[in-house]
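A quick note: this is a predicted structure, and the numbers were derived from the prediction, not measured. In what follows, chains carry the letters A, B, and so on, assigned in the order in which the sequence lines appear, proteins first and then strands, with residues in each chain numbered from 1.
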Number of protein chains: 2
Amino acid sequence: MGRTGEAKPTINDVARLSGVSKKTVSRVINRSPLLNDATREKVEAVIAQLGYVPNPQARALALRRNFVLGMIYDNPNAQMVLNFQEGVLDAIRDSEYALVIHPVDRHSPTLFDNIRRFIEQQRLSGVMILPPLSENDAFAALFDELGCNYVRMGSAELADPAHLVQSNDREGVREAVECLIAEGHRRIGLVEGPEGFRSAYERHQGWREALEAQGLPCDASLIARGSYTFETGKEAGAALLDRDDPPTAIFASNDVMAAGVVHVARERGLDVPRDLSVIGFDDTAIAATIWPPLTTVRWPIRTMARSAARKLIHPEAANREQSRFPTEFVPRASTSRPAQG
Amino acid sequence: MGRTGEAKPTINDVARLSGVSKKTVSRVINRSPLLNDATREKVEAVIAQLGYVPNPQARALALRRNFVLGMIYDNPNAQMVLNFQEGVLDAIRDSEYALVIHPVDRHSPTLFDNIRRFIEQQRLSGVMILPPLSENDAFAALFDELGCNYVRMGSAELADPAHLVQSNDREGVREAVECLIAEGHRRIGLVEGPEGFRSAYERHQGWREALEAQGLPCDASLIARGSYTFETGKEAGAALLDRDDPPTAIFASNDVMAAGVVHVARERGLDVPRDLSVIGFDDTAIAATIWPPLTTVRWPIRTMARSAARKLIHPEAANREQSRFPTEFVPRASTSRPAQG
DNA sequence: TTGTAAGCGTTATCAC
DNA sequence: GTGATAACGCTTACAA
């Protein structure tokens, strides 16, 4: 059964050997309810004996529908992308769906054509798009135009629930910064993410809301911008620490930049958390890996991915599938009361 | 062209509008050489006007061949998996191929059936399998049985060149450990990878060969085992540092475990590299991210992935495609001469 | 409950 | 060079 070179058995082989029509075999495959139990068992026996597996290309052709989900992303954060992939795989495990991935360069001048070609060629059932690409409404319009179902992943409301999985980054950050304030910090810096990222904006707002609620300063001298990379985290951290009145705590908009801040603090002879408290965002592997272990806000990527995939697989129930996912504060060892408390 | 709800144009539409048969259109699509230039141009004009894209499912059905590459892995290292994915995408960009991914749990009792189902269902052109799964000959046998082309990725010779991309981990590690010896280290520890991983074995051997060539000790008291994770790196590092005569340098079989060693050294009040030199393997993002920046050995994953994909896309030229890929020593700041020279 | 005929969109065969 | 015709493996009418 199934040795090299042997042609794979088809529905016709099954039909012939079990003495029924191919339509009946088709009914067995598709679990049609109106089927004699005896017939079903007979056909199933032959299927097992032959090791028959329906050809998904033929199915796709007949059904005018391809059981393939696509994933489009351009993200510097490997762990986040992989977590998302695994969430999708959780959802399609033991189903006939497959996941095809499509990393792109968001700065490429041919990005739109590239994505259009991808969708048109593969005739996907649906596509999931990750931030920051997901924040661009033009892509949603493109998917609509191509008649391709989609789910956007975002850090805030981006679309109606059927086409969205969303985390509450703003609240998560607000809560984290409130913890710093509760510990006694008064000058709390922000290393914000790159311009044009909704996640960067939301996390900035979370920081701002926490400070403003307590009447604490949140002026420009407490803000430095990075681009979600380690190097820019270092640069932004350095800019904040070199100010005349440096912050006693810094919230960085992702873990990698927080690691950069920790790094540059150490270069300046500062001890984290004694001389500087640091909080990140994501709770990717790096958070537990660096020294000291990083206090952060967990982003429930895998869960979001699972729901995104399920929205595409069951479009009729997409609205009932969860769309909003709370973040979670993860206290570790990179924060403490300020030294001159 | 292509608005929602509109049926996609088919080869029949193109044939009708250009006044030729569908076979002629098919010839245009497939760049058949025996075609009148005038006819070709006429058909191409209609194709462009209609925005016609051939249906890959129908193609796959007619050709009995699916233009899809698969990737099977179970690896704790996110960056390595993602690098591999991007290498594959480099190779299939602007082609009709797509990449479907299939993460698995190598400890699952149903692993074999799972992979078999994946291959049989998707009817892949070929599949790439990553370590440690790639080191299991039984999978190669399974792919042969299923008539599915494959390429194994490994840290040593695993198969003939047509089915293999391979790095020279042993030499890379030997070179790195030789650098430690040249700096004056005499007791050099090894945090080795998990049992059953070929990469772990090869890196172990590289360490051993470097030491033995200089007549230095490489007994069991200098070896601790981890499982390529941060936590086990910490445990193994602690085991080595708690010995009566601890090593002045440690080679860890991957970057994540090296980060664990650095972590635990710091917990014991040791300065890296002053009191302990550390070298990792991989050169993933974490190497440049931790403090101090980690000296390591770069593993050319992306390049290997590119070649792996090309071997599957052009099986007839698979032997001419590169199969062996050298690692590269990447000196950073986690090594120095030993304190008590 | 089961079977027949037609069709999904493409390519291969073999005439012309 | 080009075009009928029959596959490819499956599903959806519609009948029986």
Taking only side-chain nitrogens and oxygens of B/Ser26, does any of them come within less than 4.0 Å of OP1 or OP2 of C/dT11? yes

Pick base, sugar-phosphate or nothing for B/Pro56, based on heavy-atom distances below 4.0 Å to the nucleic acid. nothing

Within this structure, what is the CG-to-P distance between A/Asn55 and C/dC8, rounded to whole angstrom? 18 Å

Ignoring the backbone of A/Val20, work out which of C/dG9, D/dT11, C/dG3 is nearest its side chain. C/dG3

Using a 4.5 Å cut-off on heavy atoms from C-beta on, say whether the side chain of A/Gln85 contacts that of B/Ile101. yes

Measuring to OP1 and OP2 of C/dT2, would you say a side-chain N or O of A/Thr24 lies under 4.0 angstrom away? no

Would you call A/Arg324 and A/Glu157 a salt bridge, taking side-chain N to carboxylate O under 4.0 Å as the test? yes

Sugar-phosphate only, base, or nothing, as touched by B/Leu35 at under 4.0 Å among non-hydrogen atoms: sugar-phosphate

Between B/Tyr150 and B/Phe139, ring centroids under 6.0 Å: no

Given that B/Arg27 and B/Leu63 both sit by DNA chain C, which one's nearest nucleotide is further toward the 5' end? B/Leu63

Could you check how far CG of B/Leu34 sits from P of C/dA12, rounded to whole Å? 13 Å

Just wondering, are more than 12 heavy atoms of other shown residues or ligands nearer than 6.0 Å to CZ in A/Arg93? yes

Could you tell me whether the phosphate oxygens of C/dT11, OP1 or OP2, come under 4.0 Å of any side-chain nitrogen or oxygen in B/Arg59? yes

To the nearest angstrom, the CZ-P distance between B/Arg16 and D/dA4 comes to 14 Å

Looking at A/Glu135 and A/Arg152, is any side-chain nitrogen of the basic one under 4.0 Å from a carboxylate oxygen of the acidic one? no

Rounded interatomic separation in angstrom, taking CG from A/Asn30 and P from D/dG9: 17 Å

Please check if the side chain of B/Ser26 supplies one atom and the backbone of B/Lys22 the other of a donor-acceptor pair under 3.5 Å. no

Rounded to whole Å, the CZ-P distance (A/Arg31 to D/dC10) equals 16 Å

Is it true that a side-chain atom of A/Lys8 and a backbone atom of A/Pro54 form a donor plus acceptor pair closer than 3.5 Å? no

Please work out if A/Val25 contacts a base, only the sugar-phosphate, or nothing of the nucleic acid, heavy-atom cut-off 4.0 Å. nothing

Whole-Å gap separating C1' (D/dT5) and NZ (B/Lys23): 12 Å

Phosphate OP1/OP2 of C/dT2: any A/Ser21 side-chain N/O under 4.0 Å: no

C/dG9, OP1 or OP2 - any side-chain N/O from B/Asn12 closer than 4.0 Å? no

If you assign each of B/Pro33 and B/Arg64 to its closest nucleotide in DNA chain D, which residue comes earlier from the 5' end? B/Pro33

Between the side chains of B/His102 and B/Asn114, does any donor sit under 3.5 Å from an acceptor? yes

In residues 36-45 of chain A, which residues come under 4.0 Å of DNA chain D by heavy atom? none

Rounded off to whole Å, could you give me the NZ-to-C1' distance for the A/Lys22 and D/dA13 pair? 14 Å

Return the value, rounded to whole Å, for the distance between atom CD1 of B/Ile29 and atom C1' of C/dT10. 8 Å

